[in-house]
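Below is one structure, written out as C-alpha cells, with a few remarks after it.
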2 protein chains.
Amino acid sequence: MMSETGEVPPIPEPRLPLTDAERLFIERWALMAASWGVPRSMAEVHALLFVTGEALTADDLMTELGISRGNASMTIRTLEEWGIVHREQRANERREYFRAEQDTLALFSTVIRIRKGREVDPLLSLVTECRARVEAGGARSAQFTRKLDDIQLFVTTVDALASRHLEPGGDGMRSLLGAFSLLDTPGGER
Amino acid sequence: MMSETGEVPPIPEPRLPLTDAERLFIERWALMAASWGVPRSMAEVHALLFVTGEALTADDLMTELGISRGNASMTIRTLEEWGIVHREQRANERREYFRAEQDTLALFSTVIRIRKGREVDPLLSLVTECRARVEAGGARSAQFTRKLDDIQLFVTTVDALASRHLEPGGDGMRSLLGAFSLLDTPGGER
DNA sequence: CCTAGATTTCAATGATGTCTGAAACTGGCG
DNA sequence: CGCCAGTTTCAGACATCATTGAAATCTAGG
C-alpha cells in the first residue's frame, strides 16, 4: 500500500513521536482511571488518542502501549459506544483509523452523563420500589419515608440539571460552568 | 433502659426486626455500591445502620449481614473515618454501639466530597505537572495547552462549588439543590 | 496483676474482573 | 475462487481486591 510509487518511502508514519508531557499525561490519566472504575488499558488507549489528537491505527495503539490486539479491539469498541472515539476510513487504505473527541468539556460532559446513568439513576427505582413496600404501621416508617423523599429530591435535581446541560451534542457543559461561577460570586453564606 | 427494674427481661434486643422495605433498601444499596467502587459488605453495613437509625453492636451487624468480625471491624473504622458512622458508649456496657448519620443530604454531601477528593482533585496536579513539561515548540503543544486549560477550568469550578456548599458540618447540600432549581427555571437555551 | 469480654490486625483464601493469544471471521483484490 | 490484511471473539491465564478467621492486642473489673 505504501510501495505504490516505488520511490523514497523512508518515513512511513511520522504521527507518533510523543513528548514527555504527553507521556506523563497518559500515565497519570490511566492511573486515575483506576479510581474511576475504568480499566487501565482502556484509559491508556483513550489518553493516547485524546492527547495526540491524531488518527491512529490499532497497531499504533498496540506498539505504543504494549497491549494485545484483542484488548485494543474491545477497548476501542467500548470507547466508541461511549461516543468519545470515532472510526475513520482512509482512501486506498483497508485498515481503520481511530480519533478521539477533542473538545475537553464535551468529554467531561460525556463521562459525567455515563456515570450518572450508572450511579445516580438507579437510586430512583430504589426509591420507587421501597415506597411500594413501606407499611405505614412500622415503628421506623416515618423516618424511612423522609429518607426516601430526600433521596428523590437529590436524584430529580441532578436529573433536571443533566438533561438541561449535559445533552450529547451541545456545549452545555460550558454554560453549566458559567452558571456555577455566577452562583459563586454573590457570597450568600459565611 | 428497659431492664432497669429487674423484672420481666424476656426480650434482650428488640432493635432489629427489619421490614421488607428495609431489607430491599439494604440489598439495592449494596448492589449500587459496586459501581461506586465501595466494597459490598461496607455498603451493607452502612445501609443497615442508615436505614434503621438505631445504635447497633458489632454482633448485630455480623448476625444480620452474615459477615465476619474482622470485616465488620475494619468496615466500621472506614465508615467512621468518612464521618458517616459514629461510636457510642453505653453506661454499664463494655461493648460499643454504632450509629449512622441520619441526614440524607448530609450523607450525599459527604460521599460527593470524598469522591471529589479521589477523582477530581488529582486532575489539578496532573495539569500542573504537564504544564511544567510542555515545550512551546512541539507540533501539538498549542492544542495540548488548550486541553490543560479546559481541564483546569473544570476542576477549579468544581472546587469552588464544593468548598462553598459541601463543607463537612453545614447543610450546604440543601442550598445547593435550591440553587440548581433556580438555574433550571429561566430556560435559557433551546 | 490477672482474667474475660471485646476489638483490631493480618496472612491466607476466595471471588471478580482484566488481559492475552490464538482461532474464527470479514470483505476486497488478484 | 482463494488469498490476504485486518478485525472480532472467547476461553483460559493472570492480577487485583474483598473477605475470612485465628492470633495478637486492648481494657475494665476482680
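Within every chain, numbering begins at 1; the chains are lettered A, B, ... in the order of the sequence lines, protein sequences first and strands thereafter.
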| Going by heavy atoms in the side chains, are B:Ile76 and B:Arg87 under 4.5 Å from each other? | yes
Between B:Ala58 and A:Thr75, whichever has its closest DNA chain C nucleotide further toward 5' is B:Ala58
All heavy atoms of A:Arg99 vs all of A:Ala55, minimum pair found to be NH2-CB, 3.6 Å
inquiry  = Before you tell me yes or no, could you show the steps for B:Glu44 and B:Arg40 under salt bridge (charged side-chain N to carboxylate O under 4.0 Å, His left out), namely the whole-Å CA-CA distance, both residues' side-chain angles and the distance that decides it to 0.1 Å?
reply    = CA-CA 6 Å; B:Glu44 281 176 350; B:Arg40 200 191 78 262; 3.5 Å; yes
In short, A:Thr19 meets B:Glu135 closest at the heavy-atom pair CB-OE2, 4.4 Å
* Would the number of heavy atoms belonging to other residues, nucleotides or ligands and lying under 6.0 Å from CZ of A:Arg118 be above 12? -> yes
- Would you kindly say whether B:Asp60 and B:Thr57 are connected by a side-chain donor-acceptor distance under 3.5 Å? yes
Of the candidates D:dT8, D:dT19, C:dG21, the side chain of A:Arg87 sits closest to D:dT8
Rounded to whole Å, the CE-P distance (B:Met42 to D:dT20) equals 14 Å
Taken to the nearest whole Å, CD1/B:Ile76 to P/C:dT8 is 8 Å
note: B:Tyr97, atom OH; C:dA6, atom C1'; distance rounded to Å ~ 13 Å
B:Asp60 CG to C:dA6 C1', in whole Å, measures 14 Å
To the nearest angstrom, the CG-P distance between B:Asn92 and C:dG5 comes to 17 Å
Dump the pairs, protein N or O against N or O of nucleotides 9-14 of chain C, anything under 3.5 Å, distances to one decimal.
none

Between A:Pro122 and A:Gly117 the two heavy atoms that sit nearest each other are CD-O, 3.4 Å
*So what does B:Gly66 hit on the nucleic acid, given a heavy-atom distance under 4.0 Å: a base, only sugar-phosphate, or nothing?*
sugar-phosphate
CG (A:Leu56) and CD (A:Glu88) are apart, to the nearest 0.5 Å, by 10.0 Å
Rounded to whole Å, the CG-C1' distance (B:Leu65 to D:dT20) equals 15 Å
To the nearest angstrom, the CE-P distance between A:Met62 and C:dT20 comes to 10 Å
For nucleotides 26-30 of chain C, list the nitrogen or oxygen atoms of the protein found under 3.5 Å from its nitrogen or oxygen atoms, one pair per line.
from, atom 1, to, atom 2, distance (Å)
C:dT26, O2, A:Arg94, NH2, 3.3

Scanning both residues in full, the closest heavy-atom pair of B:Trp36 with A:Glu119 reads NE1-O, 3.6 Å
Among the nucleotides D:dT19, D:dT7, C:dT7, whichever has the atom closest to the side chain of A:Glu96 is D:dT7
Side-chain contact check for A:Arg95: nearest option of D:dT7, C:dT7, D:dT19 is D:dT7
When rounded to whole Å, the CZ to P distance for the pair A:Arg40 and D:dT16 reads 9 Å
